[in-house]
**Q** 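Sharing a structure here in structure tokens format.
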Protein chains: 2
Amino acid sequence: MSDPGSRILIVDDEAGIRRFLHASLESRGYSIHEASTGEEALQVVPAFRPDLILLDLGLPGMGGKQVTSSLREWTQTPIIILSVQGDESEKIAALDAGADDYLTKPFGAGELLARIRAALRRVGQQEGGPVFVTGELTVDLVGRSVRLGGEDVQLTPTEYSLLKAFVVHANKLLTHRQLVREVWGGAHYEDTQHLLRVNISNLRRKLEADPTRPHYILTEPGVGYRLRAESRVSAAPSNV
Amino acid sequence: MSDPGSRILIVDDEAGIRRFLHASLESRGYSIHEASTGEEALQVVPAFRPDLILLDLGLPGMGGKQVTSSLREWTQTPIIILSVQGDESEKIAALDAGADDYLTKPFGAGELLARIRAALRRVGQQEGGPVFVTGELTVDLVGRSVRLGGEDVQLTPTEYSLLKAFVVHANKLLTHRQLVREVWGGAHYEDTQHLLRVNISNLRRKLEADPTRPHYILTEPGVGYRLRAESRVSAAPSNV
DNA sequence: TGTCCCCTTGACGCATTTCTGACGCAACAG
DNA sequence: CTGTTGCGTCAGAAATGCGTCAAGGGGACA
């Protein structure tokens, strides 16, 4: 699963290349920002906070190598160098300045995208995963932690499995059958229907302020349950 | 600053290339190990524990792409693919399988070394500072020393390996499977699950003030364990 | 050859989790 | 008003998982 909303900064002095890259990447769901000089790039980065930087080596004025060094003084955002030159000593210098990757033009759009994915994958796994938030409730599916108003909530494996099903299908109605299948696998429905009720009850006791009048886990009589969600999946607090 | 003692595994079926790479890298101070097939590589990795892997794509039998996928099931050790082919779709497939970089032969030795430095630099800074501190506990991954409130703690190799896994993934949940794989390599899970419990117990006896109520190594019932680390996140807990 | 340390395995007690059954309550239809 | 149905809660039994202790085996080293 790729991270669709990643922000990418394109730094190149040629408008044609910027436009080409912009279109290619935007169609893949990335958010794009452009800069045409190294000085502009350094200004823009703190504001735009890109997840990755595509940097042309042959910029007028401050060169790509120098930009890389300046950025590396305070951020480890992945930098992929694009260059028309194939000279090896330049590659080495750029990589040692702090760049993560180096592509020589002309390159295939597919390869660039793959290298972008590889770079984003690396930083992605050291950050906390996406976090689901609604009201006081916070669920981190990657870290497998649940918090309620700042305090950790201890859930048993089945309870967590149940809550996970709700979070994945937030705001959608889940029938008894669907829930039973997601939590207990292919078990018979008839036998486990009551079990579902018991676990819903246990879960509510741990999550709801007043289990009699549930606020998060709503019951749809005769059909199933639904998790009330106000907000969307948001990124974890980035630790820079 | 590069880490001079880094261990590198070379996987290639041609003895000539292995010899050439071996010589080039060893003269730079790296410790080298060789493997001639993909199967051998998968066997060797848990024992040799390389910091980086140079992997030929065109191996007889199990191909480099498949080796990459298998390794990525349990380790994030950087993998740099070496290939005679320039075909773009192969590059993309290899990168998406989990490789970190891709070089097409023939390549300059200088560029390879630079890309190795770049990959090693990344994992180096990912592990945080050279010393990990939380509460009374101090772990020096470089010097392989553990201190508890000023006093040295003597750990057996397995215990240290276990603690290292916790420190590298501080504050994150580690499943039983993950821990077994990181400490005992590709061994069968079923057999070693109990072994894990014993070593956790031993580790706690040496690190925890009251092993009955652990403060550092927390157990997540039914799933795994987690090392409690002081959060370096600057964001304050939201008290809305 | 002997000693020591570490790894491994088995057995056991304890705690938690899961499951099952029984009961009260509310909504609804006849 | 009464019976039915579905939902939620409670409590006890069965199952599972976890942590600890202790003994055997194997390798390193003197």
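This structure is a prediction, so every number in the text was calculated from the model and none was measured. Values below: all heavy atoms of this structure, side chains included; hydrogens, waters and symmetry mates excluded. Quick note on labels: first sequence line is chain A, next is B, and so on, each numbered from 1.
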**Q** With respect to the phosphate group of dC18(D), does any side-chain polar atom (N or O) of H176(B) fall under 4.0 Å of OP1 or OP2?
**A** yes
**Q** Quick one: N199(A) CG to dC7(D) C1', roughly how many Å, whole number?
**A**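 Value for this atom pair: 15 Å.
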**Q** Could you say whether V223(B) or R205(B) is positioned toward the 5' end of DNA chain D, judged by the nucleotide with the nearest heavy atom to each?
**A**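 It is V223(B) whose nearest nucleotide is closer to the 5' end.
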**Q** What is the separation between atom CD on E208(B) and atom P on dC18(D), rounded to the nearest whole Å?
**A** 17 Å
**Q** Quick check for you: to the nearest 0.5 Å, what is the distance between L162(A) atom CG and L203(A) atom CG?
**A** 5.5 Å
**Q** Would one find a side-chain N or O of Y225(A) under 4.0 angstrom from OP1 or OP2 of dG8(D)?
**A**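 Affirmative; the distance criterion is met.
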**Q** Will you find, in the side chains of S83(B) and Y102(B), an N or O donor that is under 3.5 Å from an N or O acceptor?
**A**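 Judged by distance alone, the side chains do pair up.
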**Q** Given atom CD of Q193(B) and atom C1' of dT9(C), what is their separation to the nearest angstrom?
**A** 14 Å
**Q** From C-beta outward on W184(B), which listed nucleotide comes closest to its side chain: dC7(D), dC18(D), dT8(C)?
**A** dT8(C)
**Q** I need the residues from residues 156-170 of chain A with at least one non-hydrogen atom less than 4.0 Å from DNA chain D; give them sorted by number, or say none.
**A** none
**Q** Would you tabulate the side-chain donor-acceptor contacts of residues 141-154 of chain B under 3.5 Å, counting partners in other chains and residues two or more places apart, or write 'none'?
**A**
from: R147(B); atom 1: NE; to: D152(B); atom 2: OD1; distance (Å): 3.1

**Q** For DNA chain D, whose closest nucleotide is more 5', that of G222(A) or that of V198(A)?
**A**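 Counting from the 5' end, the first nearest nucleotide belongs to G222(A).
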**Q** Is it true that D100(A) and R121(B) have a side-chain N and a carboxylate O under 4.0 angstrom from each other?
**A** no
**Q** Carefully, step by step, assess R18(B) and D56(B) under the rule salt bridge (Lys or Arg N to Asp or Glu O under 4.0 Å).
**A** CA-CA 10 Å; R18(B) 287 205 306 273; D56(B) 182 37; over 6 Å; no
**Q** Send over the distance from R197(A) CZ to dG24(C) P, rounded to a whole Å.
**A**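 Distance check: R197(A) CZ to dG24(C) P gives 17 Å.
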**Q** Compare side-chain N and O positions of S201(A) against OP1 and OP2 of dT9(D) and report whether any pair is under 4.0 Å apart.
**A**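 So the side chain of S201(A) is within the cut-off, an N or O lying under 4.0 Å from OP1 or OP2 of dT9(D).
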**Q** Rounded to the nearest Å, what distance is computed from the CZ atom of residue R213(B) to the P atom of nucleotide dA15(C)?
**A** 13 Å
**Q** Expressed in angstrom and rounded to an integer, what is the separation of D210(A) atom CG from dT9(D) atom P?
**A** 10 Å
**Q** How many Å lie between CG on L218(B) and C1' on dC18(D), as a whole number?
**A** 15 Å
**Q** Is a donor on one side and an acceptor on the other found under 3.5 Å between the side chain of R228(B) and the backbone of L218(B)?
**A**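 No, R228(B) side chain to L218(B) backbone: no donor-acceptor pair under 3.5 Å.
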**Q** Could you state the atom-to-atom distance from CG of N202(B) to C1' of dC5(C) in whole Å?
**A**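 Nearest whole value for this atom pair: 13 Å.
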**Q** By nearest heavy atom, map L195(B) and P221(B) onto DNA chain C; which one lands nearer the 5' end?
**A**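 In this pair, the answer is L195(B).
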**Q** Is K65(B) salt-bridged to D96(B), cutoff N-O under 4.0 Å?
**A** no
**Q** With nearest nucleotides of DNA chain C determined for L155(B) and H194(B) from heavy-atom distances, which residue corresponds to the more 5′ nucleotide?
**A**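 On the 5' side of the pair lies L155(B).
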